[in-house]
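Here the structure is a predicted model, which is why all the values come from computation and not from measurement.
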2 protein chains.
Amino acid sequence: MVNKEEIRKRIISTARDIFGRYGFRKTTMEEIARELKMGKSSIYYYFKSKEEIFEAVVRYEANLLRSELTRAIKAVDSPVDKMKNYVRVRMKAFEKLSNYYNAIFDKNLDHFDFIEKIRAKYDLEELAILRLILYDGNRKNVFRVKNSEYMAMAIQTAMKGFEVPLFWKKKEIDVEDRVNAVLDMLFYGILRKE
Amino acid sequence: MVNKEEIRKRIISTARDIFGRYGFRKTTMEEIARELKMGKSSIYYYFKSKEEIFEAVVRYEANLLRSELTRAIKAVDSPVDKMKNYVRVRMKAFEKLSNYYNAIFDKNLDHFDFIEKIRAKYDLEELAILRLILYDGNRKNVFRVKNSEYMAMAIQTAMKGFEVPLFWKKKEIDVEDRVNAVLDMLFYGILRKE
DNA sequence: AATTTTTTAGAATATTCTGGTCGATTATTC
DNA sequence: GAATAATCGACCAGAATATTCTAAAAAATT
């Protein structure tokens with residue numbers, strides 16, 4: 001008897017590569033099966049449908065994004081550096097988490113319930129992280145933000161706005177330049193002027 | 001009345017991008033049309049079929065390869081430098097001419113007559129270029145090749161052999177390292193030992 | 001060794017997708 | 001205004017693919 005969870009993880013990992021390359025619709029179950037060296041119907045033993053596999057992939061990538069964000073925030077002490085790392089991780093996520101972003105932006109996938117749920121959950125977590133950064137910055141007298149809650153939401157919304165051109169233009173934009181531009185804009189607005 | 005040739009070129013260029021990204025089979029006429037902001041059946045006014053468009057794209061890329069090869073050879077005088085440039089252009093072609101190489105390696109496209117024709121034509125042209133380089137090298141006493149004809153064919157065959165891992169591994173290989181390795185191998189065999 | 005359970009996969013089925021055509025419409029030219 | 005060129009959404013036949021079926025193999029249990 002094989003380890004069911006292990007097999008599921010293998011399927012998710014392989015499917016993620018192929019979905020990432022071709023997108024949900026152009027990826028076939030036959031392709032995933034071939035890459036796994038399994039029969040196509042064997043996959044249905046572990047997953048109910050193609051959509052369920054895609055949901056698992058997107059969920060996996062949302063978790064990856066949260067983990068990476070958390071790790072990057074914890075790696076530095078200064079609220080300014082925390083904010084820099086937040087922006088950097090956010091901007092670079094496009095390359096590594098293409099399924100997550102495809103799920104969000106691809107109109108053809110709008111009928112998938114799970115996408116909105118996953119994003120909502122992720123957004124709440126990100127908001128909590130942002131609030132902590134702002135609160136910490138205020139406490140250390142580095143930021144001057146009256147309402148961390150509102151500001152966190154504003155920053156998150158702005159970051160989402162920056163995602164859009166990144167998605168459509170696909171790597172034609174130098175991400176590092178973008179990161180710096182976003183940070184300049186952000187800090188002039190919230191960095192304490194002394 | 002619009003310029004028919006201009007429209008055809010626009011279609012080829014746009015189709016090339018999409019074919020390059022998804023391959024012949026996964027690309028749909030609907031996608032090409034949408035990217036061109038045309039109706040799908042409008043494309044059939046300019047091309048007989050999807051296959052005919054793909055043939056035009058592959059032919060275009062073969063021409064591009066030949067042009068680039070010719071330009072690179074002419075840019076230098078030394079036979080050694082010419083051979084270096086030949087290898088370099090050949091190796092780097094993968095990134096820019098994905099349709100041409102897909103057409104060659106993708107078994108699913110074997111039934112397309114035109115692919116073999118285009119490749120045969122290109123190969124003859126490349127052979128002529130190689131023969132000239134070898135002849136020139138012999139004349140300038142830099143190479144010592146008894147039969148330029150056979151050596152040219154051997155080099156071309158070897159280069160084709162090197163293409164295969166490049167194709168399957170897709171950018172996991174550092175091309176520049178490969179170029180240098182190929183050149184070392186080639187020159188130790190034909191560079192005059194003094 | 002026999003039986004049961006788990007896992008497997010090719011074939012079949014149901015459903016969706018797509019290449020290509022049709023006929024109507026619009027734009028352009030004469 | 002007529003003829004020609006260019007346009008495109010609707011449509012269809014056939015291809016492609018998601019999913020199910022069912023039998024067989026493998027693994028686990030008795």
Side-chain angles (χ1 to χ4, degrees), chain A residues 1-19 21-58 99 102-103 106-115, chain B residues 1-19 21-58 99 102-103 106-115:
Chain A
M1 191 195 267
V2 300
N3 186 329
K4 208 154 180 163
E5 254 338 282
E6 279 304 308
I7 305 292
R8 280 176 63 93
K9 275 173 174 159
R10 268 187 68 219
I11 292 172
I12 290 170
S13 176
T14 297
R16 183 188 174 212
D17 289 344
I18 307 177
F19 280 137
R21 188 174 171 192
Y22 297 122
F24 178 80
R25 285 183 84 236
K26 286 181 186 294
T27 295
T28 68
M29 293 295 282
E30 180 59 36
E31 253 173 322
I32 296 173
R34 196 184 303 125
E35 195 66 28
L36 287 159
K37 295 180 178 24
M38 284 173 80
K40 188 171 52 169
S41 54
S42 300
I43 299 182
Y44 287 95
Y45 184 75
Y46 297 96
F47 287 92
K48 189 169 164 244
S49 64
K50 184 185 181 187
E51 179 181 330
E52 193 178 274
I53 299 171
F54 189 63
E55 178 178 349
V57 164
V58 172
N99 292 299
N102 271 327
D106 190 341
K107 298 287 191 220
N108 292 318
L109 308 181
D110 275 354
H111 56 284
F112 288 170
D113 303 342
F114 68 83
I115 294 172
Chain B
M1 188 193 268
V2 299
N3 187 330
K4 205 156 182 163
E5 253 338 280
E6 279 303 308
I7 304 292
R8 279 176 63 92
K9 275 174 173 157
R10 268 187 69 220
I11 293 171
I12 291 170
S13 176
T14 298
R16 182 187 175 214
D17 287 345
I18 306 176
F19 281 137
R21 188 171 171 195
Y22 297 120
F24 178 79
R25 285 183 84 236
K26 284 181 187 294
T27 295
T28 67
M29 293 295 281
E30 180 60 37
E31 253 175 322
I32 296 172
R34 197 185 303 128
E35 196 65 29
L36 287 159
K37 293 181 180 22
M38 285 172 80
K40 185 172 62 168
S41 50
S42 301
I43 300 182
Y44 288 95
Y45 184 77
Y46 298 95
F47 287 92
K48 191 169 160 241
S49 63
K50 184 183 180 186
E51 179 182 329
E52 193 178 275
I53 298 171
F54 188 64
E55 178 177 349
V57 164
V58 171
N99 292 297
N102 270 329
D106 189 343
K107 299 285 191 223
N108 292 318
L109 308 182
D110 275 354
H111 55 285
F112 287 169
D113 304 341
F114 68 84
I115 293 172

Could you tell me which residues satisfy ring pair (Phe, Tyr, Trp, His ring centres under 6.0 Å) with A:Tyr46, sequence neighbours excluded, listed by chain and number? none

Extract all donor-acceptor atom pairs below 3.5 Å that involve side chains of residues 27-35 of chain A and protein atoms in other chains or at least two apart in sequence.
from    : atom 1 : to      : atom 2 : distance (Å)
A:Thr27 : OG1    : A:Ile18 : O      : 3.3
A:Thr27 : OG1    : A:Gly23 : O      : 2.8
A:Thr28 : OG1    : A:Glu31 : N      : 3.0
A:Thr28 : OG1    : A:Glu31 : OE1    : 3.4
A:Glu31 : OE1    : A:Thr28 : N      : 3.1
A:Glu31 : OE1    : B:Lys26 : NZ     : 2.8
A:Glu31 : OE2    : B:Lys26 : NZ     : 3.3

With nearest nucleotide decided by heavy atoms, which residue, B:Glu30 or A:Lys4, maps closer to the 5′ end of DNA chain C? A:Lys4

Please give, in whole Å, the distance from D:dA5 P to B:Glu5 CD? 16 Å

Could you work out, with salt bridge (Lys or Arg N to Asp or Glu O under 4.0 Å) as the rule, every residue matching B:Glu6, not counting sequence neighbours? none

Taken to the nearest whole Å, NZ/B:Lys50 to P/C:dG19 is 4 Å

Qualifying residues under side-chain contact (heavy atoms from CB on, under 4.5 Å), relative to A:Arg10, sequence neighbours excluded: A:Ile7, A:Leu36

Ring pair (Phe, Tyr, Trp, His ring centres under 6.0 Å) against A:Phe114, all qualifying residues, sequence neighbours excluded: A:Phe112

Over all heavy atoms of both residues, which pair between B:Asn102 and B:Leu109 is shortest? Give the atoms and the distance, please. O-CD1, 4.1 Å

What residues in residues 35-49 of chain B put a non-hydrogen atom under 4.0 Å from any atom of DNA chain C? B:Lys40, B:Ser41, B:Tyr44, B:Ser49

Rounded to whole Å, the NZ-P distance (A:Lys26 to D:dA18) equals 13 Å

side-chain contact (heavy atoms from CB on, under 4.5 Å) involving A:Ser49 - partner list, sequence neighbours excluded: A:Glu51, A:Glu52

Presence of B:Arg34 side-chain N/O under 4.0 Å of C:dT18 phosphate oxygens OP1/OP2: no

Could you state the CD-C1' distance from B:Glu51 to C:dT18, rounded to the nearest angstrom? 16 Å

Could you check how far CD1 of A:Ile53 sits from C1' of D:dA18, rounded to whole Å? 10 Å

If I take atom CD in residue B:Glu52 and atom P in nucleotide C:dT21, what distance separates them, rounded to the nearest angstrom? 12 Å

Partner residues of A:Ala103 under the side-chain contact (heavy atoms from CB on, under 4.5 Å) criterion, sequence neighbours left out: A:Phe54, A:Val58, A:Ile115

Euclidean distance, atom CZ of residue A:Arg10 to atom C1' of C:dT7 [Å, nearest integer]: 13 Å

Do the numbers put A:Lys50 on top of the ring of A:Tyr44, so that NZ or CZ is under 6.0 Å from the six-membered ring centre and no more than 45° off the axis? no

Length of the CZ-P vector between A:Phe54 and D:dA18, whole Å: 14 Å

Protein-nucleotides 12-14 of chain D N/O pairs under 3.5 Å:
none

